[in-house]
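First comes the structure, then the notes that go with it.
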Amino acid sequence: MKRLLAAVLAVFSLSAVLSPAVHAATTAAVFPSEIIGENFPDPDVFEQNGTWYAYATNGSRGTLPVATAPSANGPWTVRGDAMPGGPSGAWAQPGRTWAPDVYPNSDGTYTLTYTAWHKASGRQCIGVATATNPLGPFQPVGTAPLICPLELGGAIDANTFVANDGTRYLVWKNDGNAISQPSTLWLTRTANNGQTLVGGNTAMLTSSGVIEAPDLVQRGSQYVLFFSGGGYNDCNYLTSYATSTSLSGPWTTAYRPLMTTATFDSHVCGPGGADVVGGKVFVHGWVNGGRHLYVADIGYANDYPVVRGSRARYEAERGTLNHCVVRSNAAGASDGKVVAYIDYADSWVENTVFAPVAGGYTLHVGYANGSASTASHGLVVNGNNAGSVSYPVTGWDNWQQSSVSVTLNAGWNTIRLTKGTLYTEVDYLEVQ
């Protein structure tokens with residue numbers, strides 16, 4: 001008997017499903033690059049005329065730290081404080097000036113939307129400032145906050161979104177966490193270069209936990225709303241997303257977060273505050289009590305985001321099978337199903353996977369091997385023989401990972417596992 005499926009089966013937790021590979025390989029994964037190695041949290045980034053600009057929450061560099069670079073990957077130079085006069089003296093007090101958003105207007109000016117400490121209430125509210133140079137100095141506009149729903153805990157984390165039809169909005173959060181109430185991400189139309197509000201507020205996502213740092217992107221078939229969750233000051237902070245075919249919703253949250261400490265194999269601790277600019281995504285990560293700035297490549301698989309270096313999972317049983325079968329009710333397996341009986345010369349399972357850019361990646365195969373010794377599958381990538389995947393003995397329904405390096409094209413790729421030596425069941429593929 002090749003499989004003792006009638007034996008007593010152990011039930012494994014999610015941590016067992018995601019256990020590290022027992023067969024290590026030289027990794028080809030490209031993880032996010034640290035581009036500013038000092039405290040530079042809540043990044044907002046844009047490119048103009050060949051220069052990249054980045055802004056951050058207040059810190060030792062001033063109220064509005066600003067940095068520049070000739071490319072997204074650097075080298076980056078912190079230039080100082082782009083708002084040396086501080087937030088609006090009419091309604092805000094210095095300190096707690098968070099999450100800036102700078103948008104270059106068509107008339108050559110720049111609009112800064114920022115979070116500041118509201119004098120009268122002690123809450124956080126959103127204000128506006130303008131400048132004629134991206135390096136500042138930004139001057140506050142008006143004598144009152146732009147958005148300040150005190151009954152909802154205040155407002156933070158504004159981010160400009162301009163739809164394909166030119167309509168301009170702010171995406172922001174009411175700070176319900178500050179008053180032990182749920183928080184909602186809102187969409188509000190703006191005018192006058194983002195200095196005034198038009199119409200009411202549209203609720204997007206609500207959570208009783210931490211949901212913040214929204215960033216909205218329009219794709220061909222849908223909108224993608226990136227957001228952060230968890231506490232920013234440890235490795236539990238993460239980036240997830242929700243999608244909708246309409247700005248008015250409904251929004252569907254991703255089954256798995258897009259970026260976590262685990263999906264980056266701990267190469268970034270607590271990746272959050274994501275800002276997507278074209279094919280790049282900027283995040284901060286927790287380092288020795290501060291938040292450093294990182295950048296990674298991002299692409300879209302059928303308009304769903306994929307970040308290079310962050311594990312993206314593909315269930316093997318959802319691929320194309322030849323002379324093998326899907327086994328349901330597989331104890332401890334991801335989604336409860338696996339591909340079994342890849343036992344014959346013409347047996348194979350093929351999955352289509354996505355790479356944001358061409359280059360080297362690591363392929364992790366979730367598997368269980370109940371054979372007497374190490375087993376294998378042949379590996380075919382985009383129709384070309386790419387060697388094999390080896391599987392040390394685990395026992396049936398004891399799901400582990402085996403990892404190999406692969407070279408992928410930008411966009412969609414096919415990965416086929418064929419009959420090799422002895423016998424192994426396949427749970428999933430992860431591309432990193």
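Just so you know, residue 1 is the first one in the sequence shown, and it goes up from there. Quick note: numbers below take in every heavy atom, side chains included, and nothing from hydrogens, waters or symmetry partners.
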Ser71 and Asn73: side chain donor to acceptor below 3.5 Å: no

Polar side chain donor-acceptor pair, Asn177 to Ser183, under 3.5 angstrom: yes

Backbone N/O of Leu152 and side chain of Asn174: donor-acceptor pair under 3.5 Å: yes

Distance-only polar pair, side chains of Tyr428 and Gln401, donor-acceptor under 3.5 Å: yes

Exercise: do Thr160 and Asp101 side chains pair donor with acceptor under 3.5 Å: yes

Thr111 versus Asn105, side-chain donor and acceptor atoms under 3.5 Å: yes

Pairing residues for Cys324 by the disulfide bond (SG atoms under 2.5 Å apart) criterion, not counting sequence neighbours: none

Over all atoms of both residues, closest heavy-atom pair of Ala368 and Trp396: O-CZ3, 3.3 Å

Given Leu363, Val381, Val365, Thr362, the one that forms side chain to side chain contact (heavy atoms under 4.5 Å, CB included) with Val404: Leu363

Parallel, tilted or perpendicular: rings of Trp172 and Trp186 (30°, 60°): parallel

Geometric class of the Phe264/Phe31 ring pair [parallel <30°, tilted 30-60°, perpendicular >60°]: perpendicular

Donor on one side chain, acceptor on other, Tyr237 and His284, under 3.5 Å: no

